[in-house]
Amino acid sequence: MRDESCIFCKIIAGEIPSRKIYEDEDFQVMLDVSPATKGHALILPKKHYANLYELPEELAGKAMCLAKRMAERMTLLLGCDGFNIVQNNNEVAGQTVFHFHMHLIPRYTADENGEMIWWKAQKFSDEVLDDLAKKLAQK
Ligand code: 5GP
Ligand code: ZN
């Protein structure tokens, strides 16, 4: 389950160096080469799945449990003040490497990134919101 053109598959195979901070049978965690803050790391499944849509449910569950454990451990070791978990899917959502990954981003009071998870709040009419809720709640 490897994609020959995927940079993260090459990292997992040891063909490209990385700063690995954790490994188990399913995942590797490494420091991001272009970090948002001190300690910014990435959780990668060892097998290639392009995004959350492709990731099997069992691995998605394990990835979230690992994110919690890593956040606790990194917070203790780094003394950060908070934590963002970020996960992008498809280009429109900011994904640039198409091998599923979760960003672990330690946050510090003075890290100068402000509100890292940003979006522009939009206004929708009650009618649109009612329709959306109905559509999304359907069985
Ligand atoms: P995305 O935008 O797809 O959610 O995040 C991709 C992340 O992978 C970026 O934060 C980027 O800095 C990181 N990245 C890209 N190439 C490499 C690499 O070769 N090594 C490491 N450690 N991180 C990488
Ligand atoms: Zn890959």
Side-chain angles (χ1 to χ4, degrees):
M1 296 273 301
R2 171 186 166 138
D3 179 323
E4 289 306 323
S5 64
C6 171
I7 190 159
F8 285 179
C9 284
K10 290 185 178 133
I11 287 174
I12 286 156
E15 293 159 17
I16 292 177
S18 68
R19 291 192 168 86
K20 200 190 292 181
I21 63 172
Y22 174 86
E23 185 174 12
D24 63 26
E25 64 175 310
D26 296 313
F27 298 100
Q28 171 169 328
V29 185
M30 64 179 181
L31 293 186
D32 195 297
V33 78
S34 186
T37 65
K38 203 182 268 181
H40 180 173
L42 302 170
I43 295 179
L44 325 173
K46 288 185 169 173
K47 290 183 181 162
H48 181 90
Y49 301 101
N51 51 39
L52 185 65
Y53 304 116
E54 286 192 4
L55 190 72
E57 231 175 64
E58 192 197 340
L59 274 185
K62 285 184 176 176
M64 195 63 218
C65 291
L66 179 56
K68 175 177 165 57
R69 291 204 307 277
M70 291 302 301
E72 287 168 352
R73 180 174 158 74
M74 290 166 77
T75 299
L76 202 68
L77 294 173
L78 297 169
C80 58
D81 305 298
F83 221 92
N84 289 125
I85 307 281
V86 177
Q87 202 279 305
N88 301 322
N89 297 285
N90 290 347
E91 211 169 327
V92 70
Q95 186 176 13
T96 58
V97 178
F98 297 91
H99 177 127
F100 174 89
H101 53 279
M102 289 172 90
H103 294 260
L104 303 171
I105 308 178
R107 299 304 307 270
Y108 307 88
T109 304
D111 67 28
E112 294 179 12
N113 267 291
E115 291 161 12
M116 172 104 65
I117 313 285
W118 68 95
W119 56 78
K120 187 170 178 292
Q122 299 187 57
K123 286 224 183 304
F124 297 103
S125 66
D126 283 342
E127 192 190 357
V128 168
L129 294 173
D130 288 347
D131 281 352
L132 271 174
K134 203 166 143 196
K135 185 174 188 173
L136 294 173
Q138 74 192 322
K139 297 268 158 45

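One-based numbering, in listed order, for ligands and for the atoms of each.
The closest approach between a heavy atom of Phe8 and any atom of ligand 1 is below 4.0 Å. A heavy-atom separation below 4.0 Å is not found between Arg19 and ligand 1. Residue contacts with ligand 1 include His103, since one or more of its heavy atoms lies under 4.0 Å from the ligand.
For atom 19 (O) of ligand 1, the closest non-hydrogen atom of the protein is Ile7 CD1, 3.5 Å. When only non-hydrogen protein atoms are considered, atom 5 (O) of ligand 1 lies nearest to His101 NE2, 3.0 Å. In this structure, atom 7 (C) of ligand 1 lies nearest to the protein heavy atom Asp32 OD2, 3.6 Å. Given atom 3 (O) of ligand 1, the protein heavy atom at minimum distance is Thr96 N, 2.7 Å.
Here is the list of ligand 1 atoms found below 4.0 Å of a heavy atom in Ile11: 18 (C), 19 (O), 20 (N). Applying the 4.0 Å criterion to heavy atoms of Val97 picks out, from ligand 1, the atoms 3 (O), 6 (C), 15 (C). Listed by atom number, the atoms of ligand 1 under 4.0 Å from Gln95 heavy atoms are 3 (O). Taking every heavy atom of Ser34 and a limit of under 4.0 angstrom, the matching atoms of ligand 1 come to 12 (O).
Looking at Val33, Leu31, Val86 and measuring to atom 17 (C) of ligand 1, the nearest heavy atom belongs to Val33.
Put simply, the side chain of Glu54 gets close to the backbone of Ala50: a donor and an acceptor are under 3.5 Å apart. Between the side chain of Asp130 and the main chain of Ala133, no donor-acceptor pair closer than 3.5 Å is present. Side-chain N or O atoms of Lys20 include none that pairs as donor or acceptor with a backbone N or O of Leu31 at under 3.5 Å. In this structure, the side chain of Gln95 engages the main chain of Asn90 through a donor-acceptor pair within 3.5 Å. Between the side chain of Asn89 and the backbone N or O of Asn51, no donor-acceptor pair lies under 3.5 Å.
Contact between Gly39 and Met74 at its shortest, heavy atoms only, is O-CE, 3.0 Å. Summarising the geometry of Lys62 relative to Asp26, their closest heavy-atom pair is NZ-OD2, 2.9 Å, with the distance given to 0.1 Å. Met1 and Tyr49 make their closest contact through CE-CE2, 3.4 Å (heavy atoms, listed as atom of the first residue, atom of the second, distance).
Taking distance alone, with nitrogen or oxygen atoms compared against 3.5 Å, Ser18 stays at or beyond that limit from ligand 1. In terms of polar-atom proximity, Ile16 is not counted as a contact of ligand 1, lacking any N or O under 3.5 Å from an N or O of the ligand. By the 3.5 Å distance cut-off applied to N or O atoms, Leu42 is not counted among the residues near ligand 1. The shortest N/O to N/O separation between His40 and ligand 1 does not fall below 3.5 Å. Residue Gly94 has at least one N or O atom closer than 3.5 Å to an N or O atom of ligand 1.
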| query | Would His101 and His99 count as a ring-ring contact (aromatic ring centres under 6.0 Å, His included) if you check the C-alpha gap in whole Å, the side-chain angles of each, and the deciding distance to 0.1 Å? | reply | CA-CA 6 Å; His101 53 279; His99 177 127; 7.8 Å; no

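Per residue His99, closest N, O or S atom to the Zn ion (ligand 2): atom name ND1. Nearest N/O/S atom of His48 relative to the Zn ion (ligand 2): this is ND1.
Only the side chain of Met30 comes within 4.0 Å of ligand 1, judged by heavy-atom distances.
Using a cut-off of 4.0 Å between Lys/Arg side-chain N and Asp/Glu carboxylate O, Arg2 and Glu15 are scored as salt-bridged. No salt bridge links Lys46 with Glu25; every basic N to acidic carboxylate O contact stays at or beyond 4.0 Å.
A donor-acceptor contact closer than 3.5 angstrom links the side chains of Ser5 and Asp3.
With the Zn ion (ligand 2) as the vertex, SG of Cys6 and SG of Cys9 span 120° to the nearest 10°.
The only member of Thr109, Asp111, Thr75 that meets side-chain contact (heavy atoms from CB on, under 4.5 Å) when paired with Asp81 is Thr109.
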